[in-house]
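Here the structure comes first, spelled out in structure tokens, and everything after it is commentary.
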Amino acid sequence: MAWSSFFRRATSLYHAHPVLIAIATVSTAGGGIFAYKTVYACSPDVNMPKKKVVVLGSGWAATSFLKNLKNPSYEVEVVSPRNYFAFTPLLPSVTCGTVEARSICEPIRNIAKKKHVKIEFREAECYKIDPINRKVYCRANQPADLEGKEEFTVDYDYLVVAMGARPNTFNTPGVEEHCLFLKEIEDAQRIRRAVLDCFEKASLPQLTEEQRKRILQFVVVGGGPTGVEFSAALHDFVNEDLAQLYPSLKDLINITLLEAGDHILNMFDKRITEFAEEKFKRDGINVKLGAMVIKVTEKEIHTKDRATGTMVSMPSGLVVWSTGIGTRPVITEFMKQIGQTSRRALSTDEWLRVEGAANVYALGDCATIQQRKVVEDIEAICRRADKDNKGSLSVKELQNVLKDISERYPQIEIYMKRKQFTSIVDLLKSVQGNEEKEKSTQVNIATFKKALSEVDAQMKNLPATAQVASQQGVYLADCFNRIEKCKENPEGPPRTRGEGRHRFRPFRYKHFGQFAPLGGGTTAAQLPGDLVTYGHSTQWLWYSVYASKQVSWRTRILVISDWTRRFLFGRDSSRI
Ligand SMILES: Cc1cc2nc3c(=O)[nH]c(=O)nc-3n(C[C@H](O)[C@H](O)[C@H](O)COP(=O)(O)OP(=O)(O)OC[C@H]3O[C@@H](n4cnc5c(N)ncnc54)[C@H](O)[C@@H]3O)c2cc1C
Ligand SMILES: *[C@@H]1O[C@H](CO)[C@@H](O)[C@H](O)[C@H]1NC(C)=O
């Protein structure tokens, strides 16, 4: 019996009533779908012409790629409108002057200065990708004075797209015109000035109390980690520093955080969410849940209550918009060209290769990995599991194959861990009906398949974080460090999925936990293994982690000295 017909039948039988099915004919072993080899060691060929790698972006993903690229057989060209890397997790600190903007930036030319790999940088924006002719179209960032030569093209052999994302306004009217964002260094600097502007404006003598109150009404939209951290930072700034400098305004200040969902920090553990909401209440930060912003005007922000549908408007002096990320137009255009029309971000396989465009890789916030479902390959998996060619599967055989394939399908391990399953038996039991609790050592294929589709159903996209972006950069650099050395290998470069063996392991994300600074020297953290901590000691952990994660000793020392300065003298309130 052919495998495909076997499975068709197995499925239909499953719908009738589950039966124990013996496995019939087994032909060739091991499909490429889950098989890959670890890397070969072969020596580089010095005479080979250099391959041109073009990297778009200078953020987390691009920087970690560049830092880890060591193979001299490449020539690299980086295109980004920003000639520096910015340490985004400290951006909320920049909005209030806890840390200075320049302390968290490192020139990309410093990072790209390497002995063995030649890396060129162009300060320009890529506005079009042509995957057929392997070209990117760029426009200089400072076009003035170029006498009509602001545009140029760059050819590539390999393209690494790491352009990040842009703030998402969900097309809410007035947001673009009247809100401040918190995405780039300039945004943070703009917010810092705007906050001080509000205080100085509210201090002018000719205003009424009502007007002062409006000007000092700070509204933050979005209760995610960024919105929450910014609210907390602003609260600290206002209470620890500004209240003393503007004593007459102290009682007029109002900080409001609007969240459309049921809770703030909803991607965190419940305990952290509760702790944060409690703390904000005590601090007097006004949190409004279930409030959807529908319109922003110069002096007002209009919201609709999600449950009751009632419209409310409140005065605002400054609105910071932080509701998540959207796709950049150049990426949307590129996705159209390669037929990825229904997606939110550039879709790649687990090797970070863009689907539908040869030799193009994408990582960071502009991409999502389309994790392959286990069920799609179940035939091959069973074929491979059946080691003794008996045509049936034993629990032991299945256990072995599961170990083998969980590298290719990380969702298995994640699922088993979450459910605290220790073996395949637990997994199978979880979907078995009572009447067929296994007596024999043979496995019911239908049950197996059902268990795996449970596993697939729980798959989640990776979050858009610096942690993911930088791990992807390291991974891709590692692939590039090895790919060209092995030119002569009969297996060639990694192939499209299903087509044969892969030379590299697929990308695998390791989560190291996440912080949520809540102000007043208190931070909450969710660490691996379901560990939740909060308080002052976690704040110290936060300090040490963020100091150690700096890209250079220079920025590390700058950041630490900024923190020290803040402890000694408070934050600087000069409106520069
Ligand atoms: C305020 C804030 C706080 C955050 N805090 C955390 C945190 O605590 N922990 C965490 O893990 N993550 C955090 N993040 C998320 C993290 O910053 C992002 O996930 C990360 O930056 C994604 O990396 P990236 O390389 O994909 O994009 P980015 O770092 O955004 O880099 C994109 C790069 O592409 C360049 N670019 C843009 N357009 C073009 C173009 N047309 N052509 C060429 N280049 C272009 C940009 O200039 C930039 O250099 C935070 C984000 C923000 C905004
Ligand atoms: C702050 O402003 C909001 C919205 O106008 C209001 O509901 C809240 O009561 C105010 N809080 C304080 C402490 O004044």
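We count residues from 1, following the sequence as given. Counting starts at 1 for both ligands and their atoms, following the listed order.
For atom 16 (C) of ligand 1, the nearest non-hydrogen atom from the set Ala516, Ala466, Pro89 comes from Ala466. Here atom 1 (C) of ligand 1 lies nearest to Thr226 when heavy atoms of Thr226, Val94, Val161 are compared. Closest heavy-atom approach to atom 37 (C) of ligand 1 within the set Arg328, Lys183, Glu123, Gln467: this belongs to Arg328.
Proximity of Gln514 to ligand 1, defined as any heavy-atom pair under 4.0 Å, is not found for any part of the residue.
Between Ser64 atom OG and Leu363 atom CG the span is 7.5 Å, to the nearest 0.5 Å.
Of all atoms in ligand 2, numbered sequentially from 1 with element shown, those under 4.0 Å from a heavy atom of Asn286 are 1 (C), 2 (O), 3 (C), 6 (C), 7 (O), 8 (C). Near Asp365, with a cut-off below 4.0 Å to any heavy atom, the atoms of ligand 1 are 18 (C), 19 (O), 20 (C), 22 (C), 26 (O). Shown in contact with Gly364 at under 4.0 Å from a heavy atom are these atoms of ligand 1, numbered in order with element: 26 (O).
Ranking the protein heavy atoms by distance from atom 47 (O) of ligand 1 puts Ser80 OG, 3.3 Å first. Counting protein heavy atoms only, atom 14 (N) of ligand 1 is closest to Thr88 OG1, 4.0 Å.
Contact between Tyr84 and ligand 1 is absent, with no heavy atom of the residue lying under 4.0 Å from the ligand.
A distance-only check finds no donor-acceptor pair linking the side chain of Asn133 to the backbone of Lys135 [under 3.5 Å].
Distances from atom 2 (O) of ligand 2 to the protein include at least one heavy-atom value under 4.0 Å.
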